[in-house]
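Taking it in order: structure first as structure tokens, then the write-up.
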Amino acid sequence: MITYSVIIPVYNEEAVLRETYRRLKQVMSHTNESYELLFVNDGSRDRSGAIIKEVSAWDETVKLINFSRNFGHQIAITAGMDYASGEAVIVIDADLQDPPELILEMIAKWQEGYDVVYAKRLERKGETFFKKQTARLFYRVLRAATDISIPLDTGDFRLIDRKVCDEMKRLPEKSRFVRGLVSWVGFRQTAVEYVRDERLAGETKYSLKKMIKLSMDGLTSFSFKPLKLAGYAGGLLSLSGLLYLAVVLYFKLFDGKAIAGWHVLAILQLFLTGFMLIMFGMLGEYIGRIYDEARDRPLYIVRECYGLEKKAKKLKG
Ligand code: UDP
Ligand code: MG
């Protein structure tokens, strides 16, 4: 029986991996319990996979899952949860932006009896103004739009108990917003706070495209409000149309002058078609995801594993 599983999603992180391994080893040896370091190599094109494989040859706590291609951060975490066997499961980024030392604080909370301990960022260092602001905005929009409470400014750096992990494995959806799913699952949750460091080396692996995908996954997985928006806006627009008509009629009947209206028309035209296209786009976001679920393809494909016995039981992947 293993006590702690540490899941580390890896995508082109050759510059930091050795240091990440060293720091994690240091921290985990302090726990005096058994543990595994479960690296999920999300289709890296650099030497990341080779480096972990090398280490796993002489350190049996190191395990490696190689994906057949890049499936994305959230899927990599999901695969880690499928393969983890620890009593507590910890998810941490490979780039040391999440300080491994905080794991000890999380473990202390877990031992107090909490089932989910998430790490809340008080501050983010070394990230662009754009990233900080969009992230800030995203967490707040998400909070306003969803009915479950997803903690603000919290990434995937967290500890979850075995029973939470098992519940997570029962959730079948394909567009995975892991931090939202953990909130949805419930149980006793608490936070530890930290200041997020700069990345040790390398560059962010979250392109703008990936960030948009993540935020759309979060929003659509946990809220129908964007869809309802069309209804509200339609109502509001009809109402203003009526009001507008009343004003025009008033001037026509009592003042005898007509409003020169072509530019009003042009503005309305732009505004209305713009709005309708946005709503079509929003519909597309949902329909695309429904299609994804309907096709029911596996979430990920594992090319090979090191240090793990092949799992006989059927995994989602
Ligand atoms: N990552 C991944 N697959 C991806 C993108 C990122 O496994 O497609 C990993 C990456 O190696 C890192 C973590 O997810 O361990 C967070 O990514 P990153 O640090 O680039 O994101 P940021 O901290 O800039 O938001
Ligand atoms: Mg990072």
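Note that the structure is a prediction, hence the values are computed from the model and not measured. Both ligands and their constituent atoms are indexed starting at 1 by order of listing.
Ligand 1 has no nitrogen or oxygen under 3.5 angstrom from a nitrogen or oxygen of Glu203. Of the polar atoms of Pro9, at least one N or O is found under 3.5 Å from an N or O of ligand 1, judged by distance alone. Residue-to-ligand polar distances place Ala94 within reach of ligand 1: an N/O pair is separated by less than 3.5 Å.
Between the side chain of Lys53 and the backbone N or O of Tyr306 there is no donor-acceptor pair closer than 3.5 Å. Of the possible polar contacts, none joining the Asp115 side chain to the Asp161 backbone as a donor-acceptor pair under 3.5 Å is found.
Only the side chain of Asn70 comes within 4.0 Å of ligand 1, counting heavy atoms alone; its backbone N, CA, C and O stay farther away. Counting heavy atoms under 4.0 Å from ligand 1, residue Thr204 touches it through both backbone and side chain.
In the candidate list Glu13, His73, Gln74, Glu13 is nearest to atom 12 (C) of ligand 1, counting heavy atoms.
In terms of protein heavy-atom proximity, atom 6 (C) of ligand 1 is closest to Lys205 CB, 3.6 Å.
Defined by atom type and a distance below 3.5 Å, a donor-acceptor pair is present between the side-chain atoms of His73 and Tyr206. Neither side chain, Glu87 nor Thr3, offers a donor N or O lying under 3.5 Å from an acceptor on the other.
Between the Mg ion (ligand 2) and the N, O or S atoms of Asp95, the shortest distance is to OD2.
Ligand 1 has no atom lying under 4.0 Å from any heavy atom of Met211.
Look at Asp93 and the Mg ion (ligand 2): no N/O/S atom of the residue is under 2.8 Å from the metal. Taking backbone and side-chain atoms together, Thr204 has no N/O/S atom less than 2.8 Å away from the Mg ion (ligand 2).
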